[in-house]
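Everything below concerns the one structure shown next.
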Number of protein chains: 2
Amino acid sequence: MGGRRRPTMADVAREAGVAAKTVSRVLNGEGPVAAGTRERVLAVVGRLGYRPNLMARNMRVGAADATVGLVVPELGNPFFGAVAGGVERVVRARGLTLVLGCSSETAALEQALIATFLARRVSALMIVPSAAAEHRHLRAERAAGLPIVFLDRPAAGLTADCVVSANRQGARTGVAHLLAHGHRRVGFIGDRPAGLHPRRERFQGYRDALEEAGLPADRALVATGHDREAAAAAARRLLALPDPPTALFTGDDLATTGAVVALSGAGRRDVALVGFDDPPLAECLDPPLTAVAQDPAGMGVAAAELALSRLDGDRSRARRTVIPTRLVVRGSGELRPAPGAPRPAPS
Amino acid sequence: MGGRRRPTMADVAREAGVAAKTVSRVLNGEGPVAAGTRERVLAVVGRLGYRPNLMARNMRVGAADATVGLVVPELGNPFFGAVAGGVERVVRARGLTLVLGCSSETAALEQALIATFLARRVSALMIVPSAAAEHRHLRAERAAGLPIVFLDRPAAGLTADCVVSANRQGARTGVAHLLAHGHRRVGFIGDRPAGLHPRRERFQGYRDALEEAGLPADRALVATGHDREAAAAAARRLLALPDPPTALFTGDDLATTGAVVALSGAGRRDVALVGFDDPPLAECLDPPLTAVAQDPAGMGVAAAELALSRLDGDRSRARRTVIPTRLVVRGSGELRPAPGAPRPAPS
DNA sequence: TTGAAAGCGCTAACAT
DNA sequence: ATGTTAGCGCTTTCAA
């Protein structure tokens, strides 16, 4: 019990009465090996419980390690869990192993993780950058040929591949859905730091939709909440305005659930709601929630495929892949504006 | 551009006019180094963008790699995402790196992942075993001192550390809640393969509660669904029985959401429901969902801490850590039995 | 305070 | 069909 030295290839070789290289050949199915020798070697391998040391192999082969590094802000968040799942599937299918770290949305932790991964000589790097992070320091790595793909949010201070949701278009479609049902005052509630890429883009999409409809952008209808409770409070605040919105558009999952809590808590079945991210029980709500669904697993898959194509030698210029969103219409976006509000007939 | 050889310690040494060992000393803050030498070395390190190669270091040191391997069935599942997040936090705080793989609930993939991790010489192994898996082959590793912790489900064919939810107790409490509100016919809907540990334990807890209340176990009230739709269908089937249940207990998240869909779709606000796993929007449902909440992040943390204590030399016998569940009472468990059903006064 | 040599476990490049 | 030698990038051991 307890920590006997692991058998090495040399042990196997000695025991089998062959040279180490022969063991290597057997294990890697390389050059020609006599059937008898092969069997003898495999028998010893089994008996000794020998496991090849991948680190040693990689080092000798000189190649980068057969791993890709992924940094996400938080694994507990189902969105990033799904992203990581997508990455893992692709990476694994290619025979690579996923090395994973959580930055807790902290630039310092993110950088430490990246440093660790680089020291491990990962074959590729995929990063969901935290809000405050800076990536200038990765320029040399990129120049040296390391594939680096940013996920969900673009890099700061670095031109690099990037995979994002169709945030702006998705928000525009969601808000347009509300406008198409007669709403003229639509509130916006965002949660993630206002400077964050997805939040900015979604807000832009909100404004795009208003502008297309010839409606003014009223700053009083824009609110922010840093968590579910804050988002709920923001929703209540908006609804308490002298000239309140008749519909809400929420910019992310926390804001959406916050708004749902606020509306259901207040019994306000008359306020329409459309929001980013499609939570599992959306269709069980009353009214059923109309949502802009993202495809996090698809984002992970796309990012991993992009990284692998770089690994395969694709040297074309950095590109941004946009993963479409999908408006899932279930009813909460079709409520009528509160009585008294202007209500043009749909064209 | 594109793939210049990475600078090695020897490059730094040559450039700085010192021996490799001196560079090593500077970088590891080891033996005594003259201040001037240190600065010269660090300058070259910065100029060349040198990054120590962790693989080489680990190999020489002979120690296991500074990684722990984690196998989960599916990262897209928020439960396992949270588990992985808990593991990562602890592992990272210890300076180790998480290596992650998804088995897709497949024994073969799981075994392949484990083999890869062993080849990488991970310092510890944590596994959420898939239903059909067998772990006899890990005996030698365990005997050799490798910490191995099983998560959510115990190992098969191997005595090893294990961290699980209080499945039986949680289910018992949930069902007792229904019984305390006058229900006498409680249906059980389970989803995961019936042989799976959590499913079995939760079913046992269901029977425990019935037995404590002196109620018969009616096999007709037990159903299985393999996904959300199937679970919903199972719920509808139970409610269509000649002598239908007045309440449902669901054994996992898919069964729970399936039951919610079925009940809300049928407008059956008279059927009580309590289920395992507390979904994000539980409180927004109508009626608000009473749920048995697990603590997946806590499970990950506990498992990682257990593994690390083994790494630190704890040689005590294998232990099972049970992470408590929490009954979150919100109302769906307190509905009255349908009219006509016997309804004894609560004691 | 620094350096030289040996070697971790493996495989590429040559033998044989 | 198999064995030998050298060396991947680093650290240990011993010496200066």
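Predicted model only: the values in this text are computed from it and were never measured. Protein chains get the first letters and strands the later ones, always in sequence-line order, with residue 1 at the start of each.
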All N/O donor-acceptor pairs, side-chain side in residues 63-88 of chain B, below 3.5 Å, sequence neighbours left out:
unit_1  : atom_1 : unit_2   : atom_2 : d
B:Asp65 : OD1    : A:Arg120 : NH2    : 2.4
B:Asp65 : OD1    : B:Asn58  : ND2    : 2.6
B:Asp65 : OD2    : A:Arg120 : NH2    : 2.5
B:Asp65 : OD2    : B:Thr67  : OG1    : 3.4
B:Asn77 : OD1    : B:Phe79  : N      : 2.8
B:Glu88 : OE2    : A:Cys102 : N      : 3.0

With heavy atoms of chain B within less than 4.0 Å as the criterion, where does contact along DNA chain D begin and end?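 The contacted stretch runs from D:dG9 to D:dT12.
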
Under 4.0 Å from any atom of DNA chain C, heavy atoms only: list the residues of residues 111-122 of chain B that qualify, in numerical order. none

With heavy atoms under 4.0 Å as the rule, sort A:Asn28 into base, sugar-phosphate or nothing. sugar-phosphate

Is any side-chain N of the basic residue among B:Glu305 and B:Arg94 closer than 4.0 Å to the acidic one's carboxylate O? no

Could you pull out all residues at least two apart from B:Ala133 that satisfy side chain to side chain contact (heavy atoms under 4.5 Å, CB included)?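 Applying side chain to side chain contact (heavy atoms under 4.5 Å, CB included) to B:Ala133 gives B:Ala107, B:Glu110, B:Ser130, B:His135.
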
List in chain and number order the residues that pass side chain to side chain contact (heavy atoms under 4.5 Å, CB included) with B:Ala19, two or more places apart in sequence or in another chain; answer none if no residue qualifies.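 Per chain and number, B:Ala19 pairs via side chain to side chain contact (heavy atoms under 4.5 Å, CB included) with B:Thr22.
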
What parts of residues 16-24 of chain A reach DNA chain D, counting only heavy atoms under 4.0 Å away?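 Here the set is A:Gly17, A:Val18, A:Ala19, A:Lys21, A:Thr22.
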
Considering only residues two or more places apart or on different chains, which pairs with a residue in residues 75-86 of chain A satisfy salt bridge (charged side-chain N to carboxylate O under 4.0 Å, His left out)? none

Which atom names give the shortest non-hydrogen contact between A:Thr321 and A:Ala302, and what distance separates them?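 Taking A:Thr321 first and A:Ala302 second, the nearest heavy atoms are CG2-CB, 4.5 Å.
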
Rounded to whole Å, please give me the gap between CZ in B:Arg25 and P in C:dT2. 8 Å

Using rotation axes that map the C1' atoms of four end pairs onto the next four (five pairs an end), what angle separates the end axes of the helix from C:dT1-D:dA16 to C:dT16-D:dA1, to 10°?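 What I find for the helix from C:dT1-D:dA16 to C:dT16-D:dA1 is an axis angle of 40°.
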
The criterion is salt bridge (charged side-chain N to carboxylate O under 4.0 Å, His left out); which residues satisfy it with A:Glu134, sequence neighbours excluded? A:Arg136

Could you pull out all donor-acceptor pairs under 3.5 Å where a side-chain atom in residues 144-164 of chain B meets a protein atom, sequence neighbours excluded?
unit_1   : atom_1 : unit_2   : atom_2 : d
B:Arg153 : NH1    : B:Glu105 : OE2    : 2.6
B:Arg153 : NH1    : B:Pro129 : O      : 2.7
B:Arg153 : NH2    : B:Glu105 : OE1    : 3.3
B:Asp161 : OD1    : B:Arg310 : NH2    : 2.9
B:Asp161 : OD1    : B:Arg319 : N      : 2.8
B:Asp161 : OD2    : B:Arg310 : NE     : 2.7
B:Asp161 : OD2    : B:Arg310 : NH2    : 3.4

Applying side chain to side chain donor-acceptor pair (under 3.5 Å), name anything that partners B:Ser24, two or more places apart in sequence or on another chain.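 For B:Ser24 the side chain to side chain donor-acceptor pair (under 3.5 Å) partners, ignoring immediate neighbours, are B:Asn28.
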
Please name all residues satisfying side chain to side chain donor-acceptor pair (under 3.5 Å) with A:Ser123, sequence neighbours left out, ordered by chain then number. none

Which sits closer to the 5' end of DNA chain C, A:Tyr50 or B:Pro32, going by the nucleotide each is nearest to? B:Pro32

Out of curiosity, B:Leu27 CG to B:Arg57 CZ, how far, rounded to the nearest 0.5 Å?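 One finds 10.0 Å between CG of B:Leu27 and CZ of B:Arg57.
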
Does a nitrogen or oxygen in the side chain of B:Thr37 sit under 4.0 Å from OP1 or OP2 of C:dT1?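 Negative; the distance criterion is not met.
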
